[in-house]
Amino acid sequence: MSGRGGGRGWYYKQKYGGGASRNRQQQEQQGGQYGNQADEGYRGGSGNRQPEAAAAAGWDGDDDDVPSQAGYQAGSRLLGDAQQLFATLNRLDGKGYKAYRDIQGAWQFSGFQLIVDYCQGDPYAAPSRLRVQMPATVAALPPELWSSKLRRIALGDWLARKLAAEANRASAAAAGQAQGWHGAKGGDVTVDLPGQHVLERTAVLVSTAGDVEARFTVGLPAQGRSIMGPWAGQILTQHLARAVQAALMYPALDGASIWRHITTVEDTEVLRAALPGLGLVGFVGDGAILPRKSGASDLPMPPSAGLVPFSSPASLAVEVALPHRGRVRGMGIKQGITLIAGGGFHGKSTLLQALEAGVYNKVPDDGRELVVMLPDAVKVSAEDGRRVEAVDISNFINNLPGGSSTVAFRSDDASGSTSQAANIQEALELGASVLLMDEDTCATNFMMRDARMAALVAPAKEPITPFSSRIALLRAAGISTVLVMGGSGDYFEHADTVIVMDNYLPSDQTQAAHAIAAQHAATMAAVTEAAPAAAAAVGQPVRGGVKVTPRVPQRVYAGGQNDYRGVKTHVRGLHHIQYGDQDIQLSAAEQLVDKSQTRAVADALKWLQAQLQRQQQQQQGGKTLLQWLNELDAAIEQQGLDVLAPQLLGNLARPRRFEIAAAINRIRTLQMTQQQQQQQQQQPQPGG
Ligand code: ADP
Ligand code: MG
């Protein structure tokens, strides 16, 4: 390819000499508001018209604080067709990088519109954000593929994977062309690629009318800091257009694969919805592949002689009829207390991890398509060092040395046991109905105390009532526990079901465990008695006899700034958000499974901060954390994930309220008050 450097005449000198507003005028003359439904959604942050401020340095592709640029409204105006886009890019060749702004707006291709929402101001900044809108008549997706919300989510997920693959191809083709251009940078077309879970996400959206919107980023190419116009033109009008045609138009797609994707997700969802009616909190299908490829990969362990598919013991087997697969059999995990015991390395944690992830739907061939948990099952663990803000942990901990309150416990550096108690209470506060725990990540002194230790340390000197002395109370309050415990028999007498893992296969050892517990009843009684007078602390029952005190957020972030959008979030990893000067570590939020969820969690922090500031201005009464998160959930349910970000990002996935709360609860600038006693009657809403 040649010809770069031509055609830069007086026209552009005039144009750029004339100031940035000329382009806008031109766009407005061409006029015609682009009919963009997503455009009408979120307006909460629309007052924010920040000037270009994308920090060039250190961007790794995950900033979500890219400003919604000044030209955003103009960005929905039709500027021309694909040929005109190509010509425009050719004319921009060799100009300063910011002149790319000229292409912000909508371009009519054959069959779809390409919308350039935001052009990066610098080749090293966050890449430019683009969308493709394709009407249902062109996409030609059969209506049964988008006839329900769940199907639209599964279809969007499939299309996102396909488009990501095609975009990779486009990027590779563009990179091939770039060879020989010294110092060329950019050219990558990037679609947010989903992992093993099928989540509601913003990469590809299918509307209730079957229209398709795909969102992606493009690193607009540069040589040094100059525009590479013809190359950009080829990427957008040729490589990208080909990728869109190959990924979003049904006649070109593998219909059987899409249908399998949708029916797999639908069966999993039906299976999960069937749990309460069967008296179950979870289910593990026969034949399921629970272990993963490695600690660093969520892919299934590849077939080998050592791989043991799951198989339910007869006594725990349940059959469920699914709409597409028909009858399936597997191990039901009953409401109440389930203990998973067994020798080390026999697959206990692997089973629990599969259950943790069972709150989400899976792709076909994941191996865990028939492993489900109730959507409000929450993994809890010990997490020493975490911040705790005004959490009532008095179900478990009382009489701390130094006299600090456990009714409204605060700590900047919680211990193993107090952090675990806080994690449990925070889950219950948001309505968790199942707690998942693994001895590998529990605090030993929180989980158990034997008779010998009770004899050595007087009960009055021990602030902790072990979980074993509270688990029955939780059950009575309707809260189930699934607990991995291979190192102690303290839970035998409480367990409704005892599963022993042996060479990766479960057996039902409930009766044996109960018989052993009966034999050792005397010791156990001594231990239970040794618990401090905690019954008195279980004062104001909120859920059965379990004390759960709702909290009212007052402040999320203290940055001294009024405009919450001025405070940046940066998602550094699946379990790491930086919010202004606050580092939020989420490694304990093990049910966060996709970095795109983490990005949405980061946006939710800013959403809540904005709501609190608005509320303060209006002097309203405080809503509880649960009420706020239910409100956000309802807004997402109605308007989609765009309620979290006005920039129409393509890299968000839906988190549960538990994971949003996990981030909120760990911010060190968080301020909470506890709700007044008389207002405490409201019950958490069931559901995910
Ligand atoms: P435990 O918690 O009982 O100590 P883990 O669940 O950590 O054991 O499993 C130990 C190892 O066995 C892990 O490396 C895991 O990948 C592997 N593993 C677990 N389940 C299976 C299975 N069904 N087939 C083959 N390997 C498995
Ligand atoms: Mg383990």
Side-chain angles (χ1 to χ4, degrees), residues 36-38 40-42 131 133-136 139-163 192 194-215 248 250 253 255 257-276 322-325 358-364 369 372-376 593-594 596-597 600 604 629-645 648-660 685-688:
N36 167 19
Q37 59 179 73
E40 277 138 35
Y42 180 88
R131 284 177 292 148
Q133 290 189 328
M134 185 181 280
L141 295 157
E144 68 264 26
L145 302 185
W146 39 272
S147 56
S148 71
K149 178 163 187 190
L150 186 69
R151 288 184 175 193
R152 289 192 292 277
I153 289 172
L155 174 59
D157 180 274
W158 191 96
L159 293 172
R161 292 168 201 270
K162 176 71 173 166
L163 185 61
D192 185 33
Q196 292 299 100
H197 305 272
V198 179
L199 308 171
E200 183 175 347
R201 56 197 316 134
T202 57
V204 176
L205 301 163
V206 181
S207 78
T208 51
D211 303 317
V212 178
E213 176 171 310
R215 300 174 177 185
L248 301 182
Y250 187 73
L253 305 179
S257 167
I258 300 178
W259 185 240
R260 186 161 174 254
H261 207 73
I262 289 174
T263 53
T264 297
V265 166
E266 210 161 64
D267 272 351
T268 304
E269 189 86 1
V270 168
L271 181 59
R272 189 180 297 110
L275 294 174
L322 300 180
H324 305 290
R325 271 177 205 253
V359 299
Y360 302 117
N361 298 330
K362 305 294 188 302
V363 295
E369 302 95 305
V372 292
M373 282 301 293
L374 291 181
D376 58 3
V593 294
D594 190 311
S596 304
Q597 286 181 306
L629 294 181
N630 280 340
E631 211 167 276
L632 179 58
D633 242 2
I636 293 174
E637 195 61 33
Q638 280 178 9
Q639 300 163 57
L641 286 159
D642 288 340
V643 296
L644 289 171
L648 308 181
L649 301 172
N651 60 0
L652 301 180
R654 189 165 181 175
R656 302 189 307 166
R657 64 175 183 273
F658 300 105
E659 282 68 43
I660 297 174
Q685 312 249 307

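Keep in mind it's a predicted model, so treat the numbers as computed, not measured. Numbers here simply count residues along the sequence, with the first being 1.
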Practice item. Would you confirm whether Thr268, through its side chain, and Asn361, through its main-chain N or O, come within 3.5 Å as a donor-acceptor pair? Key: no

Point to revise | Positive for side chain to side chain contact (heavy atoms under 4.5 Å, CB included) with Trp158, one of Ile258, Val363, Leu163 | key: Ile258

**Study point:** salt_bridge(Glu637, Arg654) N-O dist < 4.0 Å
**Key:** yes

Check your understanding: Counting N and O atoms only, with roles assigned by atom type, does the side chain of Arg201 sit under 3.5 Å from a partner on the main chain of Asp157, one being a donor and the other an acceptor?
Key -> no

Practice item. Say whether, by atom type as modelled, one donor and one acceptor occur between the side chain of Arg131 and the main chain of Arg215 under 3.5 angstrom. Key: no

Point to revise | Heavy-atom check, side chain of Arg272 versus side chain of Pro375, under 4.5 Å | key: yes

Review point. For Pro364, which residues count as a side chain to side chain contact (heavy atoms under 4.5 Å, CB included) partner, sequence neighbours excluded?
Key: Arg260, His261, Thr264

Study note, to complete from the structure: In this structure, CD of Gln196 is separated from CD of Glu369 (nearest 0.5 Å) by 9.0 Å

Review point. Hey, does Val206 have a side-chain heavy atom less than 4.5 Å from the side chain of Arg151?
Key: no

Review point. Would you call Asp267 and Lys362 a salt bridge, taking side-chain N to carboxylate O under 4.0 Å as the test?
Key: no

Check your understanding: Rounded to the nearest 0.5 Å, how far does CD1 of Ile262 lie from OG of Ser147?
Key -> 8.0 Å

Practice item. Please round to the nearest 0.5 Å and tell me the distance separating atom CG of Leu150 and atom CG of Leu155. Key: 11.0 Å

Review point. Where is the tightest heavy-atom contact between Val212 and Ala139, given as atom of each residue plus distance?
Key: CG2-CB, 3.9 Å

